[in-house]
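All values below were derived from every heavy atom in this structure, side-chain atoms included, with hydrogens, water molecules and symmetry-related copies excluded.
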Amino acid sequence: MVTNNKKMHYRQHIIRKLENIEAKLKHIEFHNGRGNKQEVENIKRECEELVEEVKATIEREPQTSNELNRQ
C-alpha cells in the first residue's frame with residue numbers, strides 16, 4: 001500500500017475564497033431581482049477574478065504521483 005504524505009497547504013485560503021464567491025452570488029441574485037444590471041455585472045467580474053485566484057492557488061499545490069502520471 002502506498003501512502004501519500006502530500007497535503008493541501010492552502011486549504012483555508014481556498015475555502016475563504018469559495019465562501020466569498022458564494023456570498024457574491026447571493027448579491028447577484030439580490031441585485032438581479034431589483035433590475036440593477038450594472039451591479040450584477042460588477043459582482044460577476046469580481047467572481048470571475050476570485051475563480052482565477054482559486055485556480056492559481058490550486059496550481060501551486062503539490063501534485064500527487066497519480067496527477068503527475070496523467071499529464
Minimum heavy-atom distance Ile21-Cys47, with the two atoms named:
O-SG, 4.2 Å

Treat each ILVMFWY residue as a node, draw an edge where side-chain heavy atoms are under 4.5 Å apart, and state whether Ile43 and Leu18 are in one component.
yes

Supply the atom-to-atom distance Asn36 CG to Ile28 CD1, rounded to the nearest 0.5 angstrom.
11.5 Å

Look at atom NE2 of His31 and say whether more than 12 heavy atoms of other residues, nucleotides or ligands are closer to it than 6.0 Å.
yes

With the 4.5 Å side-chain cut-off for hydrophobic clustering, are Ile15 and Val51 part of the same group?
no

Does Arg60 have more than 12 heavy atoms from other residues, nucleotides or ligands lying within 6.0 Å of its CZ?
yes

Distance col, row Thr57:OG1 vs Lys17:NZ, nearest 0.5 angstrom, shows 7.5 Å

Considering all heavy atoms of both residues, which atom of Val40 and which atom of Asn32 are nearest to each other, and what is their separation?
CG2-N, 3.6 Å

Please round to the nearest 0.5 Å and tell me the distance separating atom CD of Glu19 and atom CD of Gln12.
8.5 Å

Residues Glu52 and Lys55 bridged, charged N to O under 4.0 Å
yes

State, without any angle test, whether Gln38 and Asn42 hold a side-chain donor-acceptor pair at a distance under 3.5 Å.
yes

Rounded to the nearest 0.5 Å, how far does CD1 of Ile58 lie from CD of Glu53?
12.0 Å

Under the side chain to side chain contact (heavy atoms under 4.5 Å, CB included) test against Asn20, which residue among Lys24, Arg16, Glu22 passes?
Lys24

Decide if atom CD of Glu41 counts as having more than 12 heavy atoms of other residues, nucleotides or ligands within a radius under 6.0 Å.
yes

Before giving the answer on salt bridge (Lys or Arg N to Asp or Glu O under 4.0 Å), spell out for Glu49 and Arg45 the whole-Å C-alpha distance, their side-chain angles and the decisive distance to 0.1 Å.
CA-CA 6 Å; Glu49 291 171 6; Arg45 198 168 16 265; 5.6 Å; no

Rounded to the nearest 0.5 Å, what separates atom NZ in Lys26 from atom CD in Glu29?
9.0 Å

